[in-house]
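Throughout, a chain's letter reflects where its sequence line sits, starting with A, and its residues are numbered from 1. No hydrogens, no waters, no symmetry mates; every other heavy atom, side chains included, goes into these values.
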Amino acid sequence: MSDALHAELARVARELGAEDVSFVLERPREASHGDLATNLAMLLAKQLKSNPRALAEQIVSRLELAPSLVAKTEVAGPGFINFWLADEQLIEALHTIIDQGPRYGRSEVDKPLSWNVEFVSANPTGPLHVGHGRGAALGDAIASLLEWQGHTVTREFYVNDAGSQIDKLARSLWARVQQAAGGETPIPDGGYHGQYLADMAAEILQREGSAFAQLPEEDGVARCRELAVSAQRAEQDRDLLAFGVRFDTVTSEQQLYRDGRVDAALALLTERDLTYEADGALWLKSSQFGDDQNRVLRKQDGSLTYFVPDLAYHMEKHDRGFDRVIDVWGADHHGYIPRMRAALRALGYSERFFDVALVQLVKIVRGGEEVKMSKRSGDFVTLHDLVEEVGVDAARYFFLMRRSDSQLNFDVDLAKSQTEDNPVFYVQMAHARMSGIFRVAGLDPDTVSPDVRLQDFPAKEGIDLLKKLTAFPSIATRAARELEPHRIASYLEDVARATHSWYHNCRVLGAPPEVERARLALARAARITLANGLTLLGLSAPDRM
RNA sequence: GCGCCCUUAGCUCAACUGGAUAGAGCGUCUGACUACGGAUCAGGAGGUUAUGGGUUCGACUCCCGUAGGGCGCACCA
């Protein structure tokens, strides 16, 4: 409905001699400012060096709007033009929600793109912790938001299974095997001390027999590497699946090496004259492309820095034909962004090809106290344990309810509570209540007709709720554009509040027949919107709780 | 020392590429249960948006300075 209005405003703007003004037409915060408002006159005033209020009056007098679209127009404040939509528009919106059903809130962008969202990408050196959980929830939700805009999305996991960390992991496991076999081999410096490796060592000895510990060291370490990586990967996949996240593609760093992608990347950079040798190392001329310094690609000792396979990986994603690539990274990696951006720029990729969504720290709070975590000592809250304790829905919601670039206090007690204090519960409860109406009435909600009249919503709460529901598509679009799923969470709380309020004040069943029909339609629309929003975030929409 | 992010109500957080009187939840105070789930609802109090300047018709939002917090500044990953 706002599209038609937007177009008409643009037409009048052109008529007044303005070239593409990017004005906004949006729902004002204040209800007394109408259903939609535009700042067009104020922007035009700047361009045409004229008085904004006078221009606003002029615009209004030139607008040709059907009475079925806009009921009332006014000029207000410094030059805003406020619009009150005709009743038909609200009923039209109710039809839209119900007709679209599970698709309500989705859009179709003009040009669907192929996106790759890479997230979690934890080293296969141990169990996933709560920080990975936040990244998993965020990456998955961003992917869904993009899909809701009509894009094609690949969810991808990158396994760093080739670096020195893996080497340390393999040697740590080998040491645990020796210890389990009665030896005294210490865990190497900078190795992994977590109990899980000791457990794994015991399993290996039981399965493979004690001869395993007698293998020549290099063979043993190599076997340990394979066993450790595959076991850790399997465990991570289990945890992620339990968290409701599945990946379309898993890319292995080792595989990139085996496919010659890493060497090819190095060769291409050199061929393009983007590298140079100095101090016995090979450098990338990244400072010419926006990085604050040049970066080493091949060290003095002849080995490659981690940057090279990472770069090769992004080139490989580009080769696979993605229009856009988003990496979800922990905020501690933010210093790494400029060099990756510079390298991709040097290769001539589009500036918009690569983007990063940063995830800040998660603090676990229990009983009002922060739970201290330290990865070094192997003492941290795992994603597995958290999901076990609070459930998938609460965990996902809590990870998503704040902007990803602000630190998150995850209150475990709150996440578990079954009261209105808990936002997940509050939102899901609103959905369950709507379902409850149909359950009690013995009606299938999908059969309720939207064919009702606005005057059959005598109470303000009903109109408020309906107006709130109509905002969903634009909220979803904006959330997708900004890669900010928390906007959906805020919106859902808003809708849930309006739903509870309406429910409390307006009894549906037993109202006069026309009113009951109208309210049933509204209940159906609210249920659809709540369910779609919850689904978008990867949560369930229960019919009873 | 340099760079990036953050600082909004007592607490946790919102605020639509700069818009009108900065909004929610929790907590606090006052009220509402013969009903589709009161597992809820209605209302009040609570703010110099860290701070000082600047740009603008208009600034939480953009620019500069200051204070406080986080993170990063490897031929580590």
Side-chain angles (χ1 to χ4, degrees), chain A residues 22 24 26-30 32-33 37-39 42-43 45-46 51-53 76-80 82 123 125 160 162-168 190 253 278-283 292-293 295-307 309-310 330-338 358 360-361 365 368 401-403 405-409 411 414 417-423 425-426 428-430 432-441 461 471 474-475 477-479 481-482 486-487 489-491 493-494 497 500-511 519-520 523 544-545:
Chain A
S22 60
V24 292
E26 59 197 10
R27 295 164 53 90
R29 265 201 280 265
E30 192 71 29
S32 65
H33 294 147
T38 181
N39 61 350
M42 289 176 293
L43 295 175
K46 197 170 272 180
N51 178 305
R53 281 200 68 114
F80 286 98
N82 298 335
N123 287 344
T125 52
N160 286 111
S164 60
Q165 290 305 314
I166 300 301
D167 218 55
K168 284 177 185 151
E253 183 182 1
D279 305 329
L282 184 71
W283 298 70
D292 55 351
Q293 57 182 282
R295 302 290 171 178
V296 170
L297 297 172
R298 193 176 55 227
K299 301 180 241 178
Q300 279 181 344
D301 67 3
S303 67
L304 301 179
T305 59
Y306 59 93
F307 186 35
D310 239 22
D332 55 342
H333 287 78
H334 78 260
Y336 188 59
I337 299 173
L358 288 181
Q360 278 287 358
L361 279 178
V365 176
M401 70 183 177
R402 305 289 182 227
R403 301 171 52 116
D405 59 1
S406 67
Q407 292 195 359
L408 173 71
N409 289 320
D411 186 331
L414 180 60
S417 95
Q418 300 286 295
T419 66
E420 54 169 325
D421 311 354
N422 182 350
F425 182 84
Y426 187 78
Q428 290 185 321
M429 182 63 196
R433 281 187 137 172
M434 293 303 100
S435 300
I437 295 171
F438 296 103
R439 187 169 55 243
V440 169
E461 288 86 353
S474 65
I475 299 279
T477 296
R478 184 168 170 82
R481 194 177 75 215
E482 309 287 340
H486 78 272
R487 290 170 183 278
S490 300
Y491 173 69
E493 287 175 42
D494 214 22
R497 200 164 19 252
H500 283 303
S501 174
W502 172 69
Y503 175 92
H504 196 265
N505 288 297
C506 304
R507 191 178 161 81
V508 175
L509 304 179
R519 288 182 174 166
L520 280 169
R544 59 197 321 164
M545 303 187 65

Legend entry - hbond_proxy A:Asn39 side chain to B:rG19 base (donor-acceptor, 3.5 Å cutoff): yes
Legend entry - Spacing of the C1' atoms in B:rG19 and B:rA50 (rounded, Å): 24 Å
Legend entry - Main-chain N/O of A:Arg507 paired with A:Arg519 side-chain donor or acceptor, under 3.5 Å: yes
Inset, instruction - Classify the side chain of A:Asn82 and the base of B:rA20 as holding, or not holding, a donor-acceptor pair under 3.5 Å. - result: yes
Inset, instruction - Mind calculating the distance between CG (A:Asn422) and P (B:rA24) to the nearest angstrom? - result: 20 Å
Inset, instruction - Sticking with atom P, work out how far B:rU7 lies from B:rU51, rounded to a whole angstrom. - result: 13 Å
Inset, instruction - Just call it for A:Ala45: base, sugar-phosphate, or nothing, with non-hydrogen atoms closer than 4.0 Å on any strand. - result: nothing
Inset, instruction - Would you please determine if the base of B:rG19 is stacked by A:Phe80, with stacking meaning a centroid separation under 5.5 angstrom and planes under 30 degrees? - result: no
Legend entry - Whole-Å gap separating P (B:rU17) and CD (A:Glu26): 7 Å
Inset, instruction - Check whether any side-chain N or O of A:Asn39 sits under 3.5 Å from a backbone N or O of A:Val24 as a donor-acceptor pair, and report yes or no. - result: yes
Legend entry - Test item: A:His504 side-chain N/O and A:Ser501 main-chain N/O as donor-acceptor pair under 3.5 Å: no
Legend entry - Parallel, tilted or perpendicular, as decided by the 30° and 60° cut-offs, for the rings of A:Phe307 and A:Tyr336: perpendicular
Inset, instruction - Side chain of A:Leu43 only, please: which of B:rA77, B:rG19, B:rC36 is the nearest? - result: B:rG19
Legend entry - Residue A:Gln300, side-chain heavy atoms: nucleotide from B:rA77, B:rC75, B:rA42 that is nearest: B:rC75
Inset, instruction - Could you check which of B:rU40, B:rC36, B:rA77 has an atom nearest any side-chain atom of A:Asn123? - result: B:rA77
Legend entry - Nearest to side-chain heavy atoms of A:Ser490, which nucleotide of B:rC16, B:rC13, B:rA14: B:rA14
Inset, instruction - State whether the distance check finds a donor on one side and an acceptor on the other, under 3.5 Å, for side chain A:His334 versus base B:rG70. - result: no
Inset, instruction - Could you tell me whether a side-chain N or O of A:Asp279 sits under 3.5 Å from a main-chain N or O of A:Ala281, the two making a donor and an acceptor? - result: no
Legend entry - Listed nucleotide nearest any side-chain atom of A:Arg507, set B:rA35, B:rC73, B:rA32: B:rA35
Legend entry - Distance below 4.0 Å between A:Arg433 side-chain N/O and B:rG38 OP1 or OP2: yes
Inset, instruction - Write down the distance separating the C1' atoms in B:rG27 and B:rA45, rounded off to the nearest Å. - result: 13 Å
Legend entry - Closest listed nucleotide, where the reference is the side chain of A:Ala76 and the choices are B:rG38, B:rA20, B:rU40: B:rA20
